[in-house]
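Accompanying notes for the structure given below.
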There are 2 protein chains.
Amino acid sequence: MPRLRPSTQQARRENILDAALRCFARGGFHATSMQMICKEAGVSPGAVYVYFASKEDLIAGLCERDRNEFAERFALLAAAPDFLEALQGIGEHYFIDESPDRQRFVVEMGVESTRNPRIAEIFMSVDKFCCDSFEAMFHRLKDEGRIAPRIDIPTIAKVFNVIGDGLFWRRAIEPDFNARQVLPVMTELIGTLLNPVGPHIASKPAGGRLKPEAAS
Amino acid sequence: MPRLRPSTQQARRENILDAALRCFARGGFHATSMQMICKEAGVSPGAVYVYFASKEDLIAGLCERDRNEFAERFALLAAAPDFLEALQGIGEHYFIDESPDRQRFVVEMGVESTRNPRIAEIFMSVDKFCCDSFEAMFHRLKDEGRIAPRIDIPTIAKVFNVIGDGLFWRRAIEPDFNARQVLPVMTELIGTLLNPVGPHIASKPAGGRLKPEAAS
DNA sequence: CCAAACAAAACGATCATTCGTTTTACGGAA
DNA sequence: TTCCGTAAAACGAATGATCGTTTTGTTTGG
């Protein structure tokens, strides 16, 4: 019973997913046709339907791949010795290094989650994982006496979420948005909320590097 | 040459716009058909095409109506005696009182602005207006000696934008998001950036009302 | 009264998906 | 290693449904 070797099978699948990501980032889920994705991937409609039962399946598979990768990277935060530094590292990766296609896709995914229960399950479960992780980290840091927050921890976690949302949205919507300009300020604001007490939490002295390099 | 009286003409037009808003908020621009909008508005396709030349025209008209209303409300900020108080008022209106339909529509509009130049023109012009207004206000407040910001004003304006974006996105995406929980904290963070020096900028003593009423 | 406003059916185009056919890749035999 | 046999994989035209829009005929308000 000759089948494709699992490695090439996954390679073909990922090729389709990559093409779909570019198409969806360019035109959104519902304004992108399967034919466009086929042309972008260099395959026929029949081939796509070998790996995905429907367009919705393709969308869901793409969302799962993206969210799993994000959750993996986010999970590294909990083990980082310097929390604020690790947080800024994640911010630089997702708000500066990440390709515009990926950033626009995440926004598209979030919008779709408001009307497609299946996408909502994928999107919101990772979202909840982030929020819960933040809370757990803050509780741990507080118990260890490294932070002394003036506000209750669930609220701080929500504020974190909202600030991350804002950066992601703005980066996706404004083509020439300069994330480097505001990212340090955001990190400083977050540090204000946590009110760190020890030398372990604040990686750099809060003096010089808050001003952006260029102001128009 | 008997035409409809302008008042009823505008009423019919707005009826279609209202129906389109509900449909677009529910399903997005490209997954909503003209037939759905017709059914929602209780009119026929022929009637819609009397008032709008195309689906894209209908979308653009809806975006213009929404952005004009927002710009009007935002312009009141410049004349407000207490800046932070007026800002929080706007926040409460758009993040708490506003209907979920309107909030989801704005997100849809922003996403569409990344691929439709016409929508981008409408969306980004108001966006730029907000950013410029923020900068102008901050310069004025600084010249009057009411604030003493440690960071350059363009960056602060950007931070404002991003925080507003985050609240709007989160409110649109998470059905039971409690904006009241984080809004006061956001206002406090913004106050930190401005570093007010006089009694005019901070409306309330920065002590008691920062903690949310309920914590889970 | 009459043109604007509207309803409803109908238009070509395009959509996601299917299906009959051809090609290809793999496991085993030589 | 080389060559088959075979079933999965891929192709691409075709499908019915639905899209945005137009057309046709009727209603209606100034």
Whole-Å gap separating [atom2] ([N]) and [atom1] ([X]):
X: Y49(B); N: dC11(C); atom1: OH; atom2: P; result: 17 Å
X: K39(B); N: dC19(D); atom1: NZ; atom2: P; result: 11 Å
X: I59(A); N: dT17(C); atom1: CD1; atom2: P; result: 9 Å
X: F52(B); N: dA5(C); atom1: CZ; atom2: P; result: 13 Å
X: M34(A); N: dA13(D); atom1: CE; atom2: P; result: 18 Å

Counting side-chain heavy atoms from CB outward, which of [options] is closest to [X]?
X: S44(B); options: dC15(C), dG20(D), dA8(C); answer: dA8(C)
X: R12(B); options: dT21(D), dC6(C), dA10(D); answer: dC6(C)
X: L4(B); options: dA16(C), dA5(C), dG20(D); answer: dA5(C)
X: V43(B); options: dA7(C), dT22(D), dT17(C); answer: dA7(C)

- Message: For H30(B) and V50(A), find the nucleotide of DNA chain D closest to each by heavy atoms; which residue's nucleotide sits nearer the 5' end?
- Response: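 That would be V50(A).
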- Query: Of R5(B) and A31(B), whose closest DNA chain D nucleotide lies nearer the 5' terminus?
  - Reply: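 The 5'-side residue here is A31(B).
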Would you say the rings of [Y] and [X] are close, in the sense that their centroids are separated by under 6.0 Å?
X: Y94(A); Y: F70(A); answer: yes
X: F138(B); Y: F83(B); answer: yes
X: F160(A); Y: F134(A); answer: yes

- Do the numbers put R171(B) on top of the ring of F168(B), so that NZ or CZ is under 6.0 Å from the six-membered ring centre and no more than 45° off the axis? no
- Task: On DNA chain C, check which nucleotide each of G46(A) and T32(A) is closest to and give me the residue with the more 5' one.
- Result: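 This one resolves to T32(A).
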- Item | Donor-acceptor contact below 3.5 Å, side chain T114(A) vs main chain G110(A) |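 Checking the backbone N and O of G110(A) against the side chain of T114(A), no donor-acceptor pair under 3.5 Å is found.
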Under 4.0 Å, counting only non-hydrogen atoms across every strand here, what does [X] touch: a base, just sugar-phosphate, or nothing?
X: Q9(B); answer: sugar-phosphate
X: Y51(A); answer: sugar-phosphate
X: S54(B); answer: sugar-phosphate

- Query: Has R3(A) got a side-chain N or O lying under 4.0 Å from the OP1 or OP2 atom of dT6(D)?
  - Reply: no
